[in-house]
Amino acid sequence: MNKKTVLSLLLCGVLLTACGSSSTNATTQTSNEKYSIAKDNIVNDVMGDFEGKRVVVYSKNHIEEKPSQTSKAIYGNIDGKTTGSLLSISDNYKDGDIFVVKVFNGDKVVGQSDELVLDGEMLEFNNIDTKGDF
């Protein structure tokens with residue numbers, strides 16, 4: 001991906017996040033360690049709707065809940081379709097912070113990524129299959 005494309009993805013993610021985030025206090029257990037919903041650059045929970053399902057980003061790392069000037073894109077594929085710039089996290093997260101992307105159909109988790117380690121300005125997850133048994 002070239003710099004222009006990355007910048008466009010980040011900008012779209014910021015705009016989408018600012019226009020349509022909702023908030024929840026959910027936490028989850030993965031690998032016996034607590035995760036909480038990650039925050040975006042305006043301190044909203046990082047989640048979005050994709051193909052009729054809810055996509056939520058969780059983090060093991062807690063950040064100071066203050067707005068950041070920029071954000072870091074999270075993208076990948078769900079059932080083989082790219083999420084594009086649907087999700088972004090606060091720039092207050094640092095390299096080495098750990099994330100998991102979960103896909104919900106209603107209240108049921110139907111797929112999730114492996115643990116993802118932030119390294120740079122973007123975080124890419126492999127395809128999340130929601131059609132098999134989970």
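Just the heavy atoms: all of them, side chains too, but no hydrogens, waters or symmetry mates, feed the values below. Since this is a predicted model, take the numbers as computed values, not measurements.
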Query raised in the report: Of all residues at least two apart in sequence or in a different chain, which pass the side-chain contact (heavy atoms from CB on, under 4.5 Å) check with E65?
Result: K39, V43
Query raised in the report: Is a side-chain N or O of S59 found less than 3.5 angstrom from the main chain of I98, in a donor-acceptor match?
Result: yes
Requested in this report: Please identify each residue that fulfils side-chain contact (heavy atoms from CB on, under 4.5 Å) with D49, with sequence neighbours left out.
Outcome: R54
**Report entry** N127: side-chain hydrogen bond (donor to acceptor under 3.5 Å, both in side chains) partners, not counting sequence neighbours
**Finding:** none
Query raised in the report: Heavy-atom distance under 4.5 Å between the side chains of Y75 and T82, does that happen here?
Result: no
Report summary line: E51 meets the side-chain hydrogen bond (donor to acceptor under 3.5 Å, both in side chains) criterion, sequence neighbours left out, with K81
Report task. Under the side-chain contact (heavy atoms from CB on, under 4.5 Å) rule, collect the residues that match up with N126, sequence neighbours excluded. Result -> none
Report summary line: When every non-hydrogen atom of K94 is compared with those of L118, the smallest separation belongs to O-CD2, 3.5 Å
Report summary line: Nearest heavy-atom contact between I128 and G111 is CG2-C, 3.6 Å
Report task. Tell me, please, which residues at least two apart from N105 pass side-chain contact (heavy atoms from CB on, under 4.5 Å). Result -> V110
Query raised in the report: Relative to the ring of F104, is the ring of Y58 parallel (under 30°), tilted (30 to 60°) or perpendicular (over 60°)?
Result: tilted
Query raised in the report: Side chains of D79 and T130: is there a donor and an acceptor less than 3.5 Å apart?
Result: yes
